[in-house]
Amino acid sequence: SAVISQKPSRDICQRGTSLTIQCQVDSQVTMMFWYRQQPGQSLTLIATANQGSEATYESGFVIDKFPISRPNLTFSTLTVSNMSPEDSSIYLCSVASGTANTEAFFGQGTRLTVV
Amino acid sequence: DQQVKQNSPSLSVQEGRISILNCDYTNSMFDYFLWYKKYPAEGPTFLISISSIKDKNEDGRFTVFLNKSAKHLSLHIVPSQPGDSAVYFCAASGLTGANNLFFGTGTRLTVIP
């Protein structure tokens, strides 16, 4: 299984500022993803972080708001830009691993509160 | 539009008994399903998965059943242990793999000693 380190684990931020979340994996992985879990809701995929090219965003999420970097096969960052209280969520990094990418592993998440 | 649904937000079970967690989905294109367990302040932990070509997959105390015609799957935990107390998420994918997962809202399981 892949070990994923995510930081920060939590933060309280002022509205209008930006926060960059880092995700480090202990092995090279092809597929890395960023999810969001809003309070009382299920996990929702934000985007797939592609190594060497622009991230692929899901409906409702745009690059200007959630810029993503993927400089290599073990690391990615997600930035939450120009934050508002509605961005208060848990943000999770995930990787697909195993034979035919049949398992997905998650970091411990970043609990973001915007005040 | 919630494509994966867990209609029971919570479940309480006595230690040693069976826990049954249910999940329904609406998208017939889903063909790979996973269950995750989540403790507070931790990320979801992969438990067990099943491909649509199967109707049952077993791993120790955990068994997942898939009924494609009913678009329904369930996770059975037997015997239940207090350490199983957590939130359980069902997830589905339209590809044979854990890419682009659609999650249910979770069921909080409490195993009573």
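- Side chains of N67(B) and S69(B): a donor-acceptor N/O pair is present below 3.5 angstrom, by distance only.
- With chain A as partner, the option from A91(B), P44(B), P9(B), A41(B) having the largest number of non-hydrogen pairs under 4.5 angstrom is P44(B).
- Shown here for R70(A) and M32(A), the closest heavy-atom pair between the two residues is NE-SD, 3.0 Å.
- Among residues 52-60 of chain A, the residues having any heavy atom closer than 4.5 Å to a heavy atom of chain B are, in sequence order, E58(A).
- Using modelled atom types and a 3.5 Å distance limit, the side chains of K38(B) and Y36(B) yield no donor-acceptor pair.
- L43(A) touches chain B through backbone and side chain together, each having a heavy atom under 4.5 Å away.
- By a heavy-atom distance cut of under 4.5 Å, F103(B), G104(B), T105(B) are the residues of residues 103-113 of chain B near chain A, going up by number.
- For the pair S74(B) and C23(B), the minimum side-chain heavy-atom distance is 4.5 Å or more.
- If you tally non-hydrogen atom pairs under 4.5 Å between each of Q108(A), R10(A), Q6(A), Q37(A) and chain B, the highest count goes to Q108(A).
- Aromatic ring centres of H76(B) and F62(B) lie farther apart than the 6.0 Å criterion allows.
- You'll find the side chain of L66(B) stays beyond 4.5 Å of the side chain of V64(B), heavy atoms only.
- Looking at R61(B) and D84(B), a side-chain N of the basic residue comes within less than 4.0 Å of a carboxylate O on the acidic one, giving a salt bridge.
- Y91(A) and Y35(A) have their aromatic ring centers separated by at least 6.0 angstrom.
- The salt bridge (charged side-chain N to carboxylate O under 4.0 Å, His left out) test with D87(A) is passed by exactly one of R15(A), K65(A), R111(A): K65(A).
- Looking at L101(B) and L34(B), their side chains come closer than 4.5 Å, going by heavy atoms from C-beta outward.
- Side-chain contact annotation: Q24(A) with T74(A), donor-acceptor N/O pair under 3.5 Å present.
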